[in-house]
4 protein chains.
Amino acid sequence: MLDLDSEVPIYQQIRDRVVEAIAEGALAPGAGLPSTRQMAVDLAINFHTVNKAYDLLRREGIIRINRKSGAVVRPDVKRPSDELRAGADWEARMRTLLAELDVRGIPKEEVKGHVAAVLDAFPGREDEHP
Amino acid sequence: MLDLDSEVPIYQQIRDRVVEAIAEGALAPGAGLPSTRQMAVDLAINFHTVNKAYDLLRREGIIRINRKSGAVVRPDVKRPSDELRAGADWEARMRTLLAELDVRGIPKEEVKGHVAAVLDAFPGREDEHP
Amino acid sequence: MLDLDSEVPIYQQIRDRVVEAIAEGALAPGAGLPSTRQMAVDLAINFHTVNKAYDLLRREGIIRINRKSGAVVRPDVKRPSDELRAGADWEARMRTLLAELDVRGIPKEEVKGHVAAVLDAFPGREDEHP
Amino acid sequence: MLDLDSEVPIYQQIRDRVVEAIAEGALAPGAGLPSTRQMAVDLAINFHTVNKAYDLLRREGIIRINRKSGAVVRPDVKRPSDELRAGADWEARMRTLLAELDVRGIPKEEVKGHVAAVLDAFPGREDEHP
DNA sequence: GTGGTCTAGACCACA
DNA sequence: GTGGTCTAGACCACT
C-alpha cells in the first residue's frame, strides 16, 4: 500500500490513504484510527512518521486527536463546511492536474468519465440532494 | 503568479504554469518560451531554477530546447502519445484529489461541474471529435 | 577513475562508471551506492555534481533513491523492460561508433572479438538462456 | 538527416554522418566533400558549423583540407594505422555502451548480431583478410 | 544523516 | 546571446 521509494513523502501517502478510506466509507465519520504505534508496526515504518501524518490530518480538520481515545475521524466530516473548504485551493490544484492531462493528450471525455465514476463510487450522504 | 513561500518548489510551479498556458492555448505548440535568464529576471529568481523547470519540461517531452532559439513548445504536444500517457498514474492522483474534496464536503456535482468547465475552456485539438 | 579535464561532463562519467559496475556485477541489483556527499568527498568534487549523476540514473530507471537509505540499484534492473529499451536509439549510436572504427582501420574481426569478450565477461542474467 | 533539436551538437552530427558515409563506401577514400558553404546551404545551417565539423574531421586525421581543392577524404583512411588508432580510446567507449545495453536488458546475442550485421555491411578492403 | 532546493558566480560550448 | 556545467554555501524536508 505504501511505496517507500516514492518521491512523495511517506507521511503524505499515509494521509492520502486515510482520506481515501474516509471517502470510500471504509472509515466512517466518528470511527477510530489505529494507534500510531500500531500502524507503524503494521507498515514497518517509524512511528514518528505516522505521527506526522496524523498531525497533518488534524491540522486539515479531518481527524481529532484525543489523549485517551486516540485519533478519530471528525463526525462532521463530509458535510459542507466553510472551515473544511478553506485552505484547500482545490480549484487551482484541479486546474493544474486537468491542464497536464489535456497537454498529455488524454481525451476530455475520458477524464470526465473517470471523475464521475470515482465520485459516484463514494457512498455519499443522505443530504446530498436535499 | 509564483508563490515563493509555497511548499511546492518554484521550479515545479513554473512547470505547472507553462503546462496550464499550453492547455489554455496561450502558448501554442511551436511557440517560444522566454530565455532562462530572461524569465529569471522577470520572476526575480535565480536562472538555475528556471533552468531546472525547463529541463523537467524537456524530459517530460513537452518542450524542446534548441541551442540557438531557446525553448519552444513541442509542435506535436497535445497529440496523444503512449510515451506521454505512460508516465501517468494520473488516475491515482485524480482519485486522491477527489477523495479529499469529498471528505471536505464539496458536493459531487460542484466538482463535476468545475471539471467540465475547466476542460471545456481548453481549446482542444482538432482531432478530439473525429 | 574520473577525468576532470575530459570533455564529457563529470556527472556523465559517474553515471557511466555506475552502469559499468552494474554490468560487471560489481554492483549487484539491490546494492547500495555511497551517499552523494560521501562520493563527492571521495572523488574530490562538489556534491551537486554527484547529485546530478544520481538523478540521471534515477530518471533512467537504473537506481532508486530512498530518503533514508540513500541510493540503491533497482532490484529489477537488467530485466528486459520496454520502457528501458525504449529510450534506445542504441542501434544508431552503435552504428556511428562502428563506422568510426572501420574508418580508423580497425579490423572488423578485432572489433567483433572485443565486443564478444566484453559481453561475455558480464555475469549476465539467469534468464538469459531460458 | 540532421536533428537541430538534438542534444548532440550539430557539428558532431555532421562529423558522424561523414564518417558513416565513408564506412558505407558512399564516400570513397580520396573523394572530395562538398564545400562548407555548399553544405551549409544544403543543410540550412550556419557555415561556421560546417567549418567546425570539417576541422574536427581534419584533427581526427580522417580528411585533408586543401586551400584550393577543398576537403577530401584521406586516401589512406580505412587502412590500419597507428596514427588513426591513437586517441580513439575506442575500447573504453565501446565498453561503456555495451554495459548500458546489458543493464537495459538487451540480450547479448542480439547485440553481437547487430554489430556483425553492421560491420559486414561495410564494403571492407581487399587486404582485410591477407 | 540523508537527499532536495535555492541562490550565486564563473566559465565554457554552441550557433 | 543561448543553454550547459561546475563549484559553493545555506536552509529545509524527511526518516
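We name chains A, B, ... by the order of the sequence lines, and we start the count at 1 in each one.
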Peer 1: Take the protein atom CG of A:Leu43 and the nucleotide atom P of F:dT15, then report the distance between them rounded to whole Å.
Peer 2: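 Going from A:Leu43 (CG) to F:dT15 (P), I get 12 Å.
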Peer 1: Considering only distance and modelled atom types, tabulate donor-acceptor pairs under 3.5 Å from the side chains of residues 13-22 of chain C, sequence neighbours left out.
Peer 2:
from, atom 1, to, atom 2, distance (Å)
C:Gln13, OE1, C:Asp3, N, 2.9
C:Gln13, NE2, C:Asp3, O, 2.9
C:Gln13, NE2, C:Val8, O, 3.0
C:Arg15, NE, C:Glu60, OE1, 2.9
C:Arg15, NH1, D:Glu100, OE1, 3.3
C:Arg15, NH2, C:Glu60, OE1, 3.4
C:Arg15, NH2, C:Glu60, OE2, 3.0
C:Arg15, NH2, D:Glu100, OE1, 3.1
C:Asp16, OD1, C:Gln12, NE2, 3.3
C:Arg17, NH2, C:Glu20, OE2, 3.0
C:Glu20, OE2, D:Thr96, OG1, 2.6

Peer 1: Rounded to whole Å, how long is the line connecting atom CD1 of B:Ile65 with atom P of F:dT5?
Peer 2: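 After rounding, the reported distance stands at 10 Å.
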Peer 1: Take nucleotides 8-15 of chain E nucleotide by nucleotide from the 5' end and write B, S or -, depending on whether a protein heavy atom sits under 4.0 Å from the base, only from the sugar-phosphate, or from neither.
Peer 2: BBBB--SS
Peer 1: Pick the nucleotide of DNA chain E nearest each of B:Ala44 and C:Ser35; which residue has the one closer to the 5' end?
Peer 2: C:Ser35
Peer 1: Please report the distance, rounded to the nearest Å, between CD in A:Glu7 and C1' in E:dT5.
Peer 2: 14 Å
Peer 1: Should A:Arg93 and B:Leu97 count as side-chain neighbours, where that means a heavy-atom distance under 4.5 Å?
Peer 2: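 Yes, close enough: below the 4.5 Å cut-off.
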Peer 1: Charged N to carboxylate O below 4.0 Å: is that the case for C:Arg58 and C:Asp55?
Peer 2: yes
Peer 1: When you measure from the side chain of C:Asn51 to the backbone N and O of C:Thr36, does any donor-acceptor pair fall under 3.5 Å?
Peer 2: no
Peer 1: Checking the side chain of B:Arg67 only, and the main-chain atoms of D:Glu7 only, is there a donor and an acceptor separated by less than 3.5 Å?
Peer 2: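 A pair under 3.5 Å: yes.
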Peer 1: Find the distance D:Asp5:CG to F:dG3:P and express it as a whole number of Å.
Peer 2: 13 Å
Peer 1: Measure across C:Pro75 and C:Pro29 and return the closest heavy-atom pair with its distance rounded to 0.1 Å.
Peer 2: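 Nearest pair, atom of C:Pro75 first, then C:Pro29: O-CB, 3.7 Å.
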Peer 1: For A:Arg15 and F:dC14, give me the distance from atom CZ to atom C1', rounded to whole Å.
Peer 2: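 Taking CZ of A:Arg15 and C1' of F:dC14, I get 17 Å after rounding.
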Peer 1: Please report the distance, rounded to the nearest Å, between CG in B:Asp55 and P in F:dT5.
Peer 2: 8 Å
Peer 1: Whole angstroms only, please: what is the CG-C1' distance between C:Leu4 and F:dT7?
Peer 2: 12 Å
Peer 1: Which pair of heavy atoms, one from C:Gly32 and one from C:Leu27, lies closest together, and at what distance?
Peer 2: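 Taking every non-hydrogen atom into account, O-CD2, 4.2 Å.
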Peer 1: Taking all atoms of both residues into account, what is the closest heavy-atom pair of C:Ile63 and C:Tyr54, and its distance?
Peer 2: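 C:Ile63 and C:Tyr54 have their closest heavy atoms at CD1-O, 3.5 Å.
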Peer 1: Is DNA chain E part of any stem, that is, at least 3 consecutive Watson-Crick or G-U pairs with both distances under 3.5 Å, and where?
Peer 2: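 Detected stem regions: E:1-14 with F:1-14.
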Peer 1: Rounded to the nearest Å, what distance is computed from the CE atom of residue B:Met39 to the P atom of nucleotide E:dT7?
Peer 2: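 Atom CE in B:Met39 sits about 14 Å away from atom P in E:dT7.
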Peer 1: Minimum heavy-atom separation for A:Asn46 to A:Ala40, with atom names?
Peer 2: C-CB, 4.1 Å
